[in-house]
Amino acid sequence: MEKGQPIIALQNISKTYTSERGEFNALNNVSLEIYKGEIYGVIGMSGAGKSTLVRCINYLEKPTSGKIIFDGKDLGALSAKELRNTRQSMSMIFQQFNLLMQRTAEQNVCFPLEIAGVKKIEAKQRAKELLELVGLGDKLDAYPSQLSGGQKQRIAIARALATNPKVLLCDEATSALDPSTTQSILALLKEINEKLGITIVIITHEMKVVEQVCSHVAIIADSKIAEVGTVKEVFTHPQSKVGQQLVYPNGMPDESFMGKRCCRIVFDGSSAYDPALSSMILECQVPVNIMYADMKRVEDMAMGQMVIQLPEDDTLAEKVIQNLRAKNLIVEEVYDYVG
């Protein structure tokens, strides 16, 4: 299906900071395309450049070189007024919520509407609707100090939606939350994406966040894009070293481990519950050692991965691999996984 024009296009973006210690390249020739309606994850370790990237998307940071095209507009070619108006279509939520502590939940949501010149009665009605949407319709008069971290982030999300944005930028929006609250916030973001059609960009260092809600992902490392693709593609066949570190169980193995062959088996939604391994053991008449196994949901499908230690005999090892592949499983050899 033809996608049309991306709503966000980063074209050869670089960002260099200069200090007394010299120059630091936070981004180096980064190109990305994000399409309307996607939940797009940008994942990387601390210092990889992902937070600089998200601030370049809405031009809070001006790139040293390259172009940011948003909804067909070159942000670098806009006047200051035009840029401010365009930014109303790009809202942002943060790790630390950034709420106004002296304002109630309703007043926090009304704040961007006040700046935009919306009449007070209309702003209050909009705030009420949005707080209902995020599940806090009974907290209009509550102050941030009276609320939990998850509730504060829900208010921040409601506030971000106040101006009817086309894109919601989430910079480590769940990093300060406990696992259970993280799950509920991610579910809320997915619901907002489905109900309102808002494109969501999630900046994170956690692969489980990407796997739970994102449709596409870009992996950033050392200020460059290491890999892009659908979440299923990257989970199934990570191409880059950093992608393998994020996806493979326990990360990549220590280089000092040598000699024994293992393979990684990926079970997609259609095969996740089939007894493929037990069938293989019966058919090949060989034992295997399970080194790792887990199940998760990726793009609303049950998917799993397993690492097994292959027989020492190369002929038997190949027999195991071919048997598993004949069952339409994704099987790839993982070298040096054990010593």
Side-chain angles (χ1 to χ4, degrees), residues 1 3-9 32-42 54 57-58 69-73 84-95 97-99 105-119 122-140 150-174 177 181-204 209-217 230-231 297 299-300:
M1 189 171 98
K3 285 187 173 183
Q5 294 296 316
I7 191 167
I8 299 170
L32 277 181
E33 290 186 343
I34 300 171
Y35 289 85
K36 183 177 180 181
E38 290 180 341
I39 304 181
Y40 201 105
V42 178
V54 75
I57 288 177
N58 60 9
I69 309 297
F70 172 71
D71 203 20
K73 299 175 183 177
R84 284 195 300 271
N85 290 337
T86 301
R87 278 204 191 109
Q88 291 184 5
S89 294
M90 287 187 284
S91 289
M92 197 163 181
I93 59 174
F94 305 89
Q95 179 178 349
F97 321 129
N98 290 9
L99 298 178
E106 181 186 63
Q107 291 167 343
N108 265 281
V109 179
C110 285
F111 184 63
L113 297 171
E114 293 171 15
I115 295 173
V118 176
K119 292 180 180 179
E122 293 177 11
K124 286 173 71 70
Q125 180 59 35
R126 176 71 173 153
K128 183 178 179 181
E129 292 170 358
L130 289 171
L131 287 169
E132 289 281 357
L133 176 66
V134 301
L136 293 179
D138 59 340
K139 300 292 184 183
L140 271 71
Q151 289 172 326
K152 290 175 187 176
Q153 194 60 287
R154 287 173 181 268
I155 294 171
I157 292 170
R159 181 183 60 186
L161 296 174
T163 56
N164 291 310
K166 296 178 180 178
V167 171
L168 187 59
L169 304 173
C170 307
D171 189 8
E172 297 280 9
T174 60
L177 305 175
T181 306
T182 293
Q183 296 278 330
S184 68
I185 293 297
L186 292 176
L188 174 61
L189 290 173
K190 190 164 188 176
E191 180 183 354
I192 287 168
N193 169 261
E194 292 170 351
K195 281 186 176 180
L196 306 180
I198 294 175
T199 305
I200 299 177
V201 180
I202 295 178
I203 307 299
T204 183
V209 170
V210 171
E211 290 168 347
Q212 184 169 336
V213 295
C214 296
S215 56
H216 294 72
V217 63
T230 67
V231 174
R297 297 200 70 81
E299 296 185 49
D300 283 332

Taking every heavy atom of Tyr35 against every heavy atom of Thr199, the minimum-distance pair comes out as O-CG2, 3.7 Å
Closest heavy-atom contact between Pro165 and Ile198?
-> O-CG1, 3.7 Å
Non-hydrogen side-chain atoms of Ile93 and Asp171 separated by less than 4.5 Å | no
Side-chain heavy-atom pair Cys170, Leu189 within 4.5 angstrom cut-off | yes
Find out whether Asp71 and Gln5 are in side-chain contact, i.e. whether some heavy atom of one side chain is under 4.5 Å from a heavy atom of the other.
-> no
Nearest 0.5 Å, what's the CG-OG1 distance between Leu177 and Thr182?
-> 4.5 Å
Indicate yes or no for a side-chain donor-acceptor contact from Asn193 to the backbone of Gly37 under 3.5 Å, with no hydrogens or angles considered.
-> yes
Taking every heavy atom of Ala162 against every heavy atom of Val109, the minimum-distance pair comes out as CB-O, 3.7 Å
Does some side-chain heavy atom of Val167 sit less than 4.5 Å from a side-chain heavy atom of Ile200?
-> no
For Ile39 and Lys190, the nearest pair of non-hydrogen atoms, with its separation, is CD1-CA, 4.1 Å
Taking atom NZ of Lys166 as the centre, does the number of heavy atoms from other residues, nucleotides or ligands within less than 6.0 Å exceed 12?
-> no
Under 4.5 Å between any side-chain heavy atoms of His216 and Val231, yes or no?
-> no
So do Val42 and Val217 actually touch side chain to side chain, heavy atoms under 4.5 Å?
-> no
Interatomic distance, CD1@Ile185 vs CZ@Arg154, rounded to 0.5 Å, equals 4.5 Å
Heavy-atom closest pair, residues Cys110 and Ala127 | SG-CB, 3.8 Å
Is Leu136 close to Gln151 at the side-chain level, that is, under 4.5 Å between some pair of heavy atoms?
-> yes
Can you name the residues that form a salt bridge (Lys or Arg N to Asp or Glu O under 4.0 Å) with Lys119, not counting sequence neighbours?
-> none
Partners meeting side-chain hydrogen bond (donor to acceptor under 3.5 Å, both in side chains) with Thr181 (sequence neighbours left out) = Asp178
Go through Ile202 and Val210 one step at a time and tell me if the side chain to side chain contact (heavy atoms under 4.5 Å, CB included) criterion holds.
-> CA-CA 8 Å; Ile202 295 178; Val210 171; 5.9 Å; no
Would Phe70 and Lys73 satisfy side chain to side chain contact (heavy atoms under 4.5 Å, CB included), going step by step from the backbone distance to the final call?
-> CA-CA 5 Å; Phe70 172 71; Lys73 299 175 183 177; 5.6 Å; no
Which is it for Leu133 and Ile157 under the side chain to side chain contact (heavy atoms under 4.5 Å, CB included) test, yes or no, and what are the steps along the way?
-> CA-CA 10 Å; Leu133 176 66; Ile157 292 170; over 6 Å; no
First locate atom NZ of Lys139, then atom NZ of Lys152, and finally report the distance between them rounded to the nearest 0.5 Å.
-> 13.0 Å
Main-chain N/O of Ala173 paired to Gln153 side chain as donor or acceptor, under 3.5 Å | yes
Criterion side chain to side chain contact (heavy atoms under 4.5 Å, CB included) on Leu32 and Ile8, from CA distance to verdict = CA-CA 8 Å; Leu32 277 181; Ile8 299 170; over 6 Å; no
Considering all heavy atoms of both residues, which atom of Arg126 and which atom of Asn164 are nearest to each other, and what is their separation?
-> NH2-OD1, 2.6 Å
Atom CG of Leu186 and atom CD of Gln212: how far apart are they, to the nearest 0.5 Å?
-> 4.5 Å
With distance as the sole test, does Arg159 use its side chain to make a donor-acceptor pair with the main-chain N or O of Asn108 at under 3.5 Å?
-> no
Does the side chain of Ile155 come within less than 4.5 Å of Leu99's, by heavy atoms?
-> yes
Side chain Thr163, main chain Gln88, donor-acceptor under 3.5 Å | yes
Residues that Asn58 engages under side-chain hydrogen bond (donor to acceptor under 3.5 Å, both in side chains), provided they are two or more places apart | none
State plainly whether the residues Lys124 and Glu106 are in salt-bridge range, i.e. N to O under 4.0 Å.
-> yes
At what distance, to the nearest 0.5 angstrom, does CD of Glu132 lie from CD of Glu129?
-> 9.0 Å
